[in-house]
Structures are given as C-alpha cells and as structure tokens.
Amino acid sequence: MDERADEIIRRQEKMAADRAVFDAHWREIAERILPRANHFKTNRQPGDKRTEYVFDATAGLALERFSAAMESMLTPRTQRWHKLRVSDEALQEEPEVQAYLDQVTEALFVARYSPRANFASQASECYMSLGAFGTNCMFIDDSLRGIRYRSVHLSEIFIAENHQGVIDTVYRRFPMTVRQAAQRFGRENLSEEQKGALEKNPEQLFDFIHAVMPRDDVAYGRKDFRGMPVASCYVNLSTRKIISEGGYRSMPYAIGRYTTNPKEVYGRSPAMTVLPDIKMLNEMSKTVIRAAHKIVDPPLLLQDDGALQAFDLRPGALNYGGVDEQGRQLVHPLQTNARVDIGLDMMEQRRKVINDAFLVTLFQILVEAPQMTATEAMLRAQEKGALLAPTMGRQQSEFLGPLIEREIDILARAGVLPQMPEVLMQAGGLVEVEYVSPLNRAQRADEGVAIMRTLEAVTPLAQIDPRVMMVFDPEAVARELADINGVPVKVMRTKEQIAAIEEAQAQAAQAQQLLAAAPVLGKTVRDLAQAQTLSGAAPPQQAPAIFPA
C-alpha cells in the first residue's frame, strides 16, 4: 500500500467535499451563461446540445466581451504589456543593466507568443472562466520545445492557501485516455484493467491526480527534484499508487480570482452578482415569447353548436361555415390585450444591469462619443482606469505575477536568457515587473489631464507675461505625455539623437553665416587692393580662401 498516495487521494476528496456548494453554484451559472463549460458533476457527451436553459443570450455575449476587454486591457497581443526594472534608480540608469532587462523582456515575449506556446488563446479561456466562475487556472509547462500554456477547467482544480492567503497548493483531478497515460507514465505504471483497455479501447478514460504543494523537506543544494521547493506527484487512481514524482522551482499553476469573500478560497464572479437578473431575464424572455405568440397566432373562439368543421389556418385556405347568412363572423380570435412592450422594457432594464456587471457599458464610453478633444479622452480614460483598478490590478498581482515568475524560471533554466551583468549580481539580482498595459496607462491618465489643464490655464497668462511659459520644460512635457499615451519608444528620438541634431543644425547655421560673409569679405579685399595700386603701394598678399574650390 502506498501511504502517500492514499493521503493525496484523501486530501483531494476532502477538498472536493468542501467545495460542493461552489460546484452547484458554478453548474447553475454554466447552464445559463457558458453552457460549453458545464462539466461540474455532470456526465455530458461531447457534441451534445447544452443551451436548454438559455432563452436570452445577453449574459453569454456580455461574458465574451468581458473576456475581450480583459485581454485588451491586461495582456494585449500587439503590445508590450510589461517590462522589467530594478528598484535602485541609479542602477536602473546603468546602460548594461538596461540592455540586460530589455533582452530578458524580449525573450519573455518571444517565448510567450511563439506559435507553439498557445498563450493568447489560453489566456482568453482564463478570462472567460474568471468572468463566469470567479476563478481561473493556467498551467505553465516546461516542454522540450519551449513554454507551453494550458487553461485548466475549474472542475478539475482544487486549491488551498497558505497562512498569508497565497495559493500554494493545487490538486488537479483529471481524465486521461489510457493511450495518453501509457505515453506519459509508461506501460509499467498502468493497472491490469488499464493494460487491457490499452489493447481493446485505447481511448478509454481513467482518472489521475496531479498534486502540487510546498515541499516540507527541501534538500537545498541537491540537483534533483528533492532540492526543489515545490513538490509534484502524479497518482493513478486505479492502482492508488504514485506513478511519477518530481518537483518545480516555481509554482506551475497560476490562479486568478475576481474577488474573494472572507473565509472563502475560491473567487466570486460578475456572473454570481447578477445571477438573479440572468435567471429573471430568461423567464421574462419565455413569458414575452408566449405573449407574442398568442398575439401573432391567437386562439380562436368558436360557437358551441357543433356546426363548424375543423379550421384550416394555412394562408389562402377556404373555411366554410365561418360566417352566418348575414355575413357576421362566427369565429373570433382571442384578444388578450397583452402589453408586450412593457415586458420588453423590463427586459432592457435587466440587460443593462447584466452588461454593467460585465463592464460592457464601461468599455463603450469611448465608442459612444468618438468626437472628443484630447483632454476629454484623457478624462474618460482616467475614469475607466479608476473603475477597473481594483479588479484588474488583482489579476496582475495574483495571476500574471506568478506566471511571469514561472516563465523567467523556465527560460533561465533553459539558458535562453543573457548573462546577468556583474553590477546587478552584486546588488542581489532582484528584478521587478513593471506593468505598462493599457490599464496602467488609463490609471496614469490623471497625470496627463493635470498637464493639459495646467497648460490651458496658463496660456492666457502667457499673453500678459511670456515668462510664465518658462516654468515648463517643453521636451519633458512632450515625453511625459507620450509615455502616458503609450507612444512606442522606437518612434521617439533619444536625448543623444536630439543633441546630435542640434549640433548639426548649429554647424549648418555657422556655415551659412560664413557663406553670407564671403562676398562682403572678398569685395573688401578687392577694394583695398585697388586703393593701394592707385596710391603706388605694393599690393597686399592674396587672402586665403575661406572655402576651397
């Protein structure tokens, strides 16, 4: 008997029992908002229809827009959304340190957005999980061909925090085909049942557990997995044995949470906040559909005399007996006098609440008012940054921070990163992540607003006393506004380039002055020579040419 495997299995089962209430909550959300991800204690067949609870797609569309907004504000694919720096400002100004940090940042983005890495699509799935269920999970794997990212479904993940509230334990219970298990762990680690299935049905699924937790007995200095601070074990539930044991130098699972309540480990989502509105909107949709159906195709009121035959309601059909001898209509449609418009207005109210919860209306601010001045645009960006800071700032610290740390660890181990400068090693080699995403620029928009408002306020004063504008450094103002607005560095000149241009301009101006003075000097020399010739004096020596021919 493998006691450690039994302990892992027991702990996973206890963690699963503790989160049973969350499972029920997540299942209810998945049924109405993200049906394709409804894998919480349900045996769904691949390809089956899962929209039986959805009568209005507002919540599902809002979730997709939420995911797109999170990606565009936090991890845009076409921008450098973070860089590296050191806390010591003097050290940061060292050219070799700057070059090293730039090279490391470039290596991170090259590895992250490699076609084999699959980061962009998996990050989008993580943001979908965050908006729907409040918790997401990204597995950062160290493969032979580089870094490989995988968004893990929340139904497979069980987490625990340490005493500081940081997630340091992740248990993943997941299915794997027996063919995949043989490839990953070897045929010798399969049970007899699994070996039989390997011959008859290699695509049959079996459950395994991947346990990742802090190692209690770290043997510092050892080169194998026992010297790594994070322990890793794979357990075969069929044999109840550990079939693979290893370790990590950093946590391979990056977990993000939208918000957390006290005494709860798993996060809560915007979908949980507006779940009553989502359910109400679905019921309203069913009611309005039924009412509209009765109006468009109403029930018919007939005389109870048995004289009328069954009616043919097809267009152009002929129905005899529907009128009496005087031409009076004997069949009347039921008039319910239903006010479908009231139902539609109430549904719009619910849709607005749902869109607000998923931040859809917030991101439509700039779209709805495209004709704005630069100052107005900055004010809108400032408002957006203030509203998004608590939500997205948590993703940077809890989700993206561990992800970048894991990436640096993998690339450093693979020898991809450049050699650290000696001056940085002597300072301890501590490097910080500085986020420069659109979210951070939006948060800095208040600085740009302050600059623009100040310049607008002092411009009238400059007409009275021009010295007022001497308070500002135009070059510094331009660079600060460019940095706030996210202008690419490569399109801006450095201070050295500006100094070289100024020097070239000064030389050109000096040469122009000499060119302008040359005719006057030549005429003066000629006049002096003629005067001396007329007076009988010896002619002066020829003046040297200012510019060679």
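Hydrogens, waters and symmetry mates are skipped; everything else that's a heavy atom, side chains included, is used.
Checked against the 6.0 Å centroid criterion, the rings of F158 and F22 do not qualify as a close aromatic pair. For an aromatic pair to be called close, the ring centres must be under 6.0 Å apart, and Y127 with F66 fails this. Taking the six-membered ring wherever Trp is involved, the centroid distance between the rings of H153 and F40 falls below 6.0 Å.
A donor-acceptor contact closer than 3.5 angstrom is absent between the side chains of S129 and N136. Checking R257 against T135 by side-chain atom types alone, no donor-acceptor pair falls below 3.5 Å.
One finds a salt bridge joining E125 and R36 here, because a Lys/Arg side-chain nitrogen approaches an Asp/Glu carboxylate oxygen to under 4.0 Å. Using a cutoff of 4.0 Å between basic side-chain nitrogens and carboxylate oxygens, E13 and R10 are not scored as salt-bridged. Salt-bridge annotation for D23 and R27: absent, with no side-chain N of the basic residue lying under 4.0 Å from a carboxylate O of the acidic one. The pair R173-E156 does not count as a salt bridge, with every side-chain nitrogen at least 4.0 angstrom from each carboxylate oxygen.
The one candidate from R112, R148, R150 that meets the side chain to side chain contact (heavy atoms under 4.5 Å, CB included) condition with N118 is R148.
For Y53, the OH atom counts as loosely surrounded, since its 6.0 Å shell holds 12 or fewer non-hydrogen atoms of other residues, nucleotides or ligands. No more than 12 heavy atoms of other residues, nucleotides or ligands shown are found within 6.0 angstrom of NZ on K352. Counting heavy-atom neighbours within 6.0 Å of M346 CE, excluding the residue itself, gives a total of 12 or less.
Note that CG of L359 is 8.0 Å distant from CE of M70, once rounded to the nearest 0.5 Å. Annotation: the span from E432 atom CD to Q92 atom CD amounts to 9.5 Å, rounded to 0.5 Å.
When the ring-ring contact (aromatic ring centres under 6.0 Å, His included) test is applied to F208, the partners found at least two apart in sequence or on another chain are F185. Remark: Y435 engages no residue in a ring-ring contact (aromatic ring centres under 6.0 Å, His included) (not counting sequence neighbours).
Aromatic ring orientation, Y253 versus H210: tilted (interplanar angle from 30° to 60°).
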Could you list the donor-acceptor pairs under 3.5 angstrom formed by side chains in residues 271-280, with sequence neighbours left out?
residue: T273; atom: OG1; partner: S269; partner atom: O; Å: 3.4
residue: D277; atom: OD1; partner: R350; partner atom: NE; Å: 2.8
residue: K279; atom: NZ; partner: E28; partner atom: OE2; Å: 2.6

